[in-house]
Amino acid sequence: PAVPCVSDGLPKPTNITFLSINMKNVLQWNPPEDLHGAEVTYTVQYFIYGQKKWLSTSGCRNISRTYCDLSAETSDYEHQYYAKVKAIWETNCSKWAETGRFYPFSETQIGPPQVALTTGENSISIVLTAPEKWKRHPKDNPVSMQQIYSNLKYNVSVYNNKSKKMWSQCVTNNTVVLTWLEPNTLYCVHVESFVPGHPRLALPSQKQCVSTWEDQTSALK
Amino acid sequence: SLRRCLISVDMRLIEKSFHEIKRALQNKDTFQNVTILSTLQSLKTIKPIDVCCVTKNLLTFYKDRVFKDHQELSPQILRNISNIANSFLYMQRALQQCQGQRWCQCSQEAINATRIVHDNYNQLEVRSAALKSLGELDIFLAWIDKNHQETSA
């Protein structure tokens, strides 16, 4: 059982927010100010909007880290949630610091797709695989974010290393063929997934560079 | 399908307007254990065939009750709410023009779902109910987005 503490004896944790990527929902916060060196621990609770009471989560009681993975507790992404955290030090504790209402469906960031490039003489074909939703167990069947957001789109950015020119195009299908490219030229590609509607931070894929083939006519000479 | 009817409606404009005032509205709503729309079981179980009727009924709910009952001092919030209200008006007209009543029939389930929303609204003091309903616009917009896509598949 939780040891009773003197409430309001400590300042509250600050900047408490959910960091959510592909429905992996991690609560994070900053330690209370002016408590350098103190061995502060934290306790987290969460609330399902519309329900009746705050719920504890066994994994985040009296913890010293400043984050708590609440993905399992908030896995129904069509519900909305609140979370709160308080700081504890010896027999003192802070008041609760609480998040705003968190709505995974409209707030989770969509991770980058997997990007596979194959080259031709004047073309590069790009095959995109939508990111996967967070899984409770590694063995669970994967759920693509595309199944949740059927209007998922991709922003493909291409950089010509020779001309130093960059262009982008928005695509909905998973295969893109870039044509009319210069032969024997290095092109670098990165891709972002996005869902039209609520503004969300974009997470670009790692830049990948490939070179188009040599001009076959000059290669034969 | 709903998509053909609402094709001309730019949902992103509405979502952008709401996104700008969401935190302010939701933070003022202190009744975390009560919801108006979030009885998602009622919205989640709406069949494609009822989507048009429920959309129409909820647009009417917002136009005729929520926007009228809500009192707001912040010009920024007021401006965004009126953007949303105008878009809802436009959506209503788009639905009316797009199909005859034949297609936008209301089944008993659709009527029940709408009634649950009104019942939830009536259980709160009117200003609190209006504020809460505005704070739950993201649920309605997500539902439209989801059904707007699905009815087009």
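Each chain gets a letter, A, B and so on, in the order its sequence line appears, and its residues count up from 1.
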Checklist line | More than 12 heavy atoms of other groups within 6.0 Å of B:His19 NE2 | finding: no
Check: Do you know which of B:Leu141, B:Asp138, B:Val34 has the most heavy-atom pairs with chain A at a distance under 4.5 angstrom?
Finding: B:Asp138
Notebook entry, point to check: Is it the case that more than 12 heavy atoms not belonging to A:Trp96 sit under 6.0 Å from its CH2 atom?
Noted result: yes
Margin query: Closer than 4.0 angstrom, basic N to acidic O: yes or no for A:Arg101 and B:Asp29?
Written below: yes
Next item on the list: Check the pair B:Lys22 / A:Tyr103 against side-chain contact (heavy atoms from CB on, under 4.5 Å), numbers first and verdict last.
Entry: CA-CA 11 Å; B:Lys22 161 182 157 141; A:Tyr103 190 17; 4.3 Å; yes
Note to self: I need the minimum non-hydrogen distance between B:Thr35 and A:Tyr49, along with the two atoms involved.
What the structure shows: CG2-CE2, 3.6 Å
Next item on the list: Taking atom CD of A:Gln114 as the centre, report whether more than 12 heavy atoms of other residues, nucleotides or ligands fall under 6.0 Å from it.
Entry: no
Check: Side chain, backbone, both or neither: which part of B:Asn27 has a heavy atom under 4.5 Å from chain A?
Finding: side chain
Margin query: side-chain hydrogen bond (donor to acceptor under 3.5 Å, both in side chains), that's the test. Do B:Gln32 and A:Gln80 meet it? Break it down for me.
Written below: CA-CA 10 Å; B:Gln32 294 171 338; A:Gln80 302 186 319; over 6 Å; no
Check: Take atom NZ in B:Lys16; do more than 12 heavy atoms of anything else shown fall under 6.0 Å from it?
Finding: no
Checklist line | Atom pair CZ/CH2 of A:Phe105 and B:Trp143 - distance to nearest 0.5 Å | finding: 12.5 Å
Checklist line | From B:Asp145 atom CG to A:Ser150 atom OG, the distance as rounded to the nearest 0.5 Å | finding: 8.5 Å
Notebook entry, point to check: Around A:Gln206, counting heavy atoms of other residues, nucleotides and ligands shown, do more than 12 lie under 6.0 Å from its CD?
Noted result: no
Next item on the list: Answer yes or no: does atom OH of A:Tyr67 have more than 12 heavy-atom neighbours from other residues, nucleotides or ligands under 6.0 Å?
Entry: no
Note to self: With a sphere of 6.0 Å drawn around NZ of A:Lys53, does it hold more than 12 non-hydrogen atoms of other residues, nucleotides or ligands?
What the structure shows: no
Notebook entry, point to check: Between B:Arg12 and A:Pro196, which heavy-atom pair has the shortest distance, and what is it?
Noted result: CD-CB, 3.9 Å
